[in-house]
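Following: one structure in structure tokens, then a few remarks.
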Amino acid sequence: MAAYYPDSPSEEDKSNISLFLDTFMEVGIDYEDWGKNFLKKMREENPVDLSSRQNFSVWMCKQHNLFNKEKGKNMYDCEYQNLKKRWGPM
């Protein structure tokens, strides 16, 4: 999702993705010990940066790493150049 976010987002782009994130966090993910409360806490502690594709992509990667750390999974390299290689046409 972040890989296709605009380089220079409009206010409407920012509003749309923010609404998506809020909605997604209301639904949560169906894990026994992890769900919407963890997602909301992550976002409250790490406000989303929707100012550019690069900033949003790095933010998303860091949030994913918080989840991975919590679940004992591998962490991703959140360097933007590496994200571009991994996820495509950033």
Side-chain angles (χ1 to χ4, degrees):
M1 163 178 33
Y4 297 94
Y5 187 71
D7 285 325
S8 299
S10 67
E11 290 305 312
E12 183 178 12
D13 294 327
K14 293 175 188 178
S15 178
N16 288 340
I17 201 68
S18 186
L19 178 61
F20 171 83
L21 292 171
D22 288 342
T23 303
F24 181 76
M25 290 182 192
E26 272 302 311
V27 174
I29 298 176
D30 189 21
Y31 284 96
E32 290 178 17
D33 58 345
W34 190 90
K36 67 181 180 181
N37 292 329
F38 185 79
L39 286 168
K40 285 182 178 182
K41 183 179 177 194
M42 275 186 356
R43 188 158 177 209
E44 288 170 3
E45 293 176 359
N46 305 289
V48 63
D49 186 346
L50 299 174
S51 61
S52 68
R53 178 183 298 163
Q54 179 173 342
N55 291 342
F56 182 43
S57 296
V58 170
W59 180 86
M60 286 287 287
C61 180
K62 289 179 178 180
Q63 300 317 295
H64 198 239
N65 278 343
L66 289 174
F67 168 77
N68 284 353
K69 182 178 180 182
E70 183 77 14
K71 300 306 282 177
K73 296 182 177 193
N74 293 332
M75 306 288 268
Y76 290 100
D77 178 354
C78 293
E79 171 68 35
Y80 185 63
Q81 295 304 320
N82 294 328
L83 292 174
K84 285 171 55 172
K85 289 177 191 172
R86 179 180 173 95
W87 297 110
M90 287 188 194

Next on the checklist: Quick one, Ile17 and Met1 - any side-chain contact, counting heavy atoms below 4.5 Å?
Outcome noted: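 Sidechains of Met1 and Ile17: in contact.
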Checklist entry - Do Phe56 and Lys14 have side chains that get closer than 4.5 Å, going by heavy atoms? => result no
Checklist entry - Distance-only, no hydrogens or angles: does the Asn65 side chain make a donor-acceptor pair with backbone N or O of Lys62 under 3.5 Å? => result no
Checklist entry - Is there a donor-acceptor contact under 3.5 Å from the side chain of Thr23 to the main chain of Leu19? => result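 Between the backbone of Leu19 and the side chain of Thr23 there is a qualifying donor-acceptor contact (under 3.5 Å).
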So how far is it from [X] [atom1] to [Y] [atom2], rounded to the nearest 0.5 Å?
{"X": "Leu66", "Y": "Lys69", "atom1": "CG", "atom2": "NZ", "result": "7.5 Å"}
{"X": "Met60", "Y": "Asn55", "atom1": "CE", "atom2": "CG", "result": "13.5 Å"}
{"X": "Ser57", "Y": "Asn82", "atom1": "OG", "atom2": "CG", "result": "12.5 Å"}
{"X": "Ser52", "Y": "Tyr80", "atom1": "OG", "atom2": "OH", "result": "7.5 Å"}
{"X": "Asp13", "Y": "Asp7", "atom1": "CG", "atom2": "CG", "result": "11.0 Å"}

Checklist entry - Which heavy atom in Leu83 sits nearest to a heavy atom in Cys78, and how many Å separate them? => result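 The pair with the smallest heavy-atom distance is CD1-O, 3.7 Å.
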Checklist entry - Any idea which heavy atoms bring Ser51 and Pro9 closest together, and the distance? => result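 Smallest heavy-atom distance, with atoms named: O-CD, 3.4 Å.
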Next on the checklist: Set out, in order, the CA-CA distance, both residues' side-chain angles and the distance that settles side chain to side chain contact (heavy atoms under 4.5 Å, CB included) for Tyr5 and Gln54, then state yes or no.
Outcome noted: CA-CA 9 Å; Tyr5 187 71; Gln54 179 173 342; over 6 Å; no
Checklist entry - Do Trp59 and Phe20 belong to the same hydrophobic cluster, where Ile, Leu, Val, Met, Phe, Trp and Tyr are linked whenever their side-chain heavy atoms lie under 4.5 Å apart, directly or via other members? => result yes
Next on the checklist: Can you list everything that forms a ring pair (Phe, Tyr, Trp, His ring centres under 6.0 Å) with Tyr76? Sequence neighbours excluded, please.
Outcome noted: His64
